[in-house]
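One structure is given here, and the rest of the page talks about it.
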Amino acid sequence: MTTTVNTPSLPLVFSEEVEIARKNGSPIVALESTIITHGMPFPQNVETARRVEAEIRANGAVPATIAIMDGKIHIGLSDAELDVLGQAQNVAKLSRADLAAKLVTGGFGATTVAATMICADLAGISVFATGGIGGVHKGAEITFDISADLRELSETPVTVVAAGAKAILDIPKTLEVLETLGVPVIAYGQDDFPAFWSRSSGIQAPIRMDSAADIAAAQKMRCDLGLPGGQLIANPIPQTSEIAADVLAPVIAQAIAEADAQNIAAKSVTPFLLKRIFELTEGKSLAANIDLVLNNARLAAQIAAAGVA
Ligand code: PSU
Ligand code: MN
């Protein structure tokens, strides 16, 4: 069962679970849908989405997976909706620029980090868990390929928990752009900024925090100070799931070379690279990816719980 908000200008539809959490003021964690449609293959995408939701519930919060379906922003998906989305072909990948147009023209749309932040904020949700964020691509000085996720973090007041950024991106440039935009980048429980499959990128993060309560309080302070935007929490992958950076470096280099050779551009770049890396590692990277998303879900639930305490 779902509930439609009676504001004609806000086409929001809540799952029953999320609606109840909103009424009770319970902690809610937003989840994106591009990771389901463009970030992982079927059936692991749907299995992971379900496990991530369960992990959030087990840690005292309610999951709200966000996607666009038939002119509505769905905040929380049913099991059946998750299944359909996970198997659907050619789902549109929606960032800030695409959201309004897709709501008008209809059909399925998967929300990126940027679009999920916008929808979460509209729904009053301030914590969001994902795997990796978009960033500055290698060669961006030529291609100008910088994800809209970065600017969104500077505008929309949502705390995003990710495992850092993949080495498909230029991590130093990504951190520079975040600094320019005034986005707090907070490593959780260590000094270094993590690099998705590995716990360290070799670069120190600008800020370190060791508790979910501090992270929740920092976002609140940011709002109290009148500073717009959210914060990026960089949560290192669990030690037991880590893959050494030098193991993946040649795979990433091959995937980038193939993307260049095939003139893959714009929105297709990130999904192409993710897919090739999964194929080339024969699932090894996928297993690690699943573990880190679960780990991020856990921390996000703790931050959301601390935020309403
Ligand atoms: N990075 C990952 N996994 C992902 C994505 C990025 O490690 O699934 C997805 C997220 O939805 C992110 C989007 O918001 O790709 C960024 O795409 P682009 O680089 O086109 O902005
Ligand atoms: Mn891009």
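Since we're looking at a predicted model, the values are computed, not measured. These numbers come from the heavy atoms of this one structure, side chains and all, not from hydrogens, waters or symmetry mates. Residue indices begin at 1 and follow the sequence shown. Remember, it's 1-based here, ligands and their atoms both numbered in the order they're listed.
- For residues 295-309, the set of pairs meeting the side chain to side chain donor-acceptor pair (under 3.5 Å) definition, not counting sequence neighbours, comprises E55-R298, N235-N296, N295-R298.
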Run the numbers on Q262 and E258 for side-chain hydrogen bond (donor to acceptor under 3.5 Å, both in side chains), then give the verdict. CA-CA 6 Å; Q262 295 175 42; E258 288 179 11; 4.6 Å; no
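- Scanning the protein for heavy atoms near atom 1 (N) of ligand 1, the closest one is G132 O, 3.4 Å.
- Donor-acceptor pairing under 3.5 Å is recorded for the side chains of T270 and H137.
- Each of the following atoms of ligand 1 lies closer than 4.0 Å to a heavy atom of F196: 7 (O).
- Side-chain contact of T65 with E53: a donor-acceptor pair under 3.5 Å is present, judged by distance alone.
- Excluding waters, the set of protein N, O or S atoms lying under 2.8 Å from the Mn ion (ligand 2) comprises D145 OD1.
- Interface of T34 with ligand 1, defined as ligand atoms under 4.0 Å from a residue heavy atom, comprises 11 (O).
- For R208 and Y188, the positive end is not near the middle of the six-membered ring at less than 6.0 Å and at most 45° from its axis.
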Tell me, with the steps shown, if E155 and R151 meet salt bridge (charged side-chain N to carboxylate O under 4.0 Å, His left out). CA-CA 7 Å; E155 294 210 347; R151 216 197 61 156; 3.5 Å; yes
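- Considering only residues two or more places apart in sequence or on other chains, R199 meets the side chain to side chain donor-acceptor pair (under 3.5 Å) condition with none of them.
- Near E32, meaning under 4.0 Å from one of its heavy atoms, ligand 1 places the atoms 10 (C), 11 (O).
- Side chain of S241 to main chain of D291: no donor-acceptor pair is present (N/O by atom type, distance under 3.5 Å, no hydrogens or angles).
- Both the backbone and the side chain of T112 come within 4.0 Å of ligand 1, counting heavy atoms alone.
- Any N or O atom pair closer than 3.5 Å counts here, and T111 shares no such pair with ligand 1.
- Scanning the protein heavy atoms around atom 16 (C) of ligand 1, the nearest turns out to be D149 OD2, 3.8 Å.
- Residue contacts with ligand 1 for V113 involve both N, CA, C or O and side-chain atoms from C-beta outward (heavy atoms, distance under 4.0 Å).
- Among protein heavy atoms, atom 15 (O) of ligand 1 sits closest to T270 CG2, 3.6 Å.
- D83 pairs by the salt bridge (Lys or Arg N to Asp or Glu O under 4.0 Å) definition with R50, not counting sequence neighbours.
- When each of V160, V127, V161 is paired with I233, the side chain to side chain contact (heavy atoms under 4.5 Å, CB included) condition holds for V161 and for no other.
- Taking only non-hydrogen atoms, the option from H38, K93, K166, K267 nearest to atom 20 (O) of ligand 1 is K93.
- Residue-ligand proximity, H137 to ligand 1, at heavy-atom distances under 4.0 Å covers atoms 19 (O).
- Judged by distance alone, the side chains of S198 and E242 never bring a donor and an acceptor atom under 3.5 Å apart.
- The part of L274 lying near ligand 1 is the side chain, judged by heavy-atom distances below 4.0 Å.
- Heavy-atom proximity to atom 21 (O) of ligand 1, evaluated over S95, S147, G135, S268, is greatest for S147.
- Where the criterion is an N or O separation shorter than 3.5 Å, residue side chain and backbone included, A266 fails it with respect to ligand 1.
- Side-chain contact between I252 and W197: present, with at least one pair of heavy atoms (C-beta onward) separated by less than 4.5 Å.
- Between the side chain of T111 and the main chain of A115, no donor-acceptor pair closer than 3.5 Å is present.
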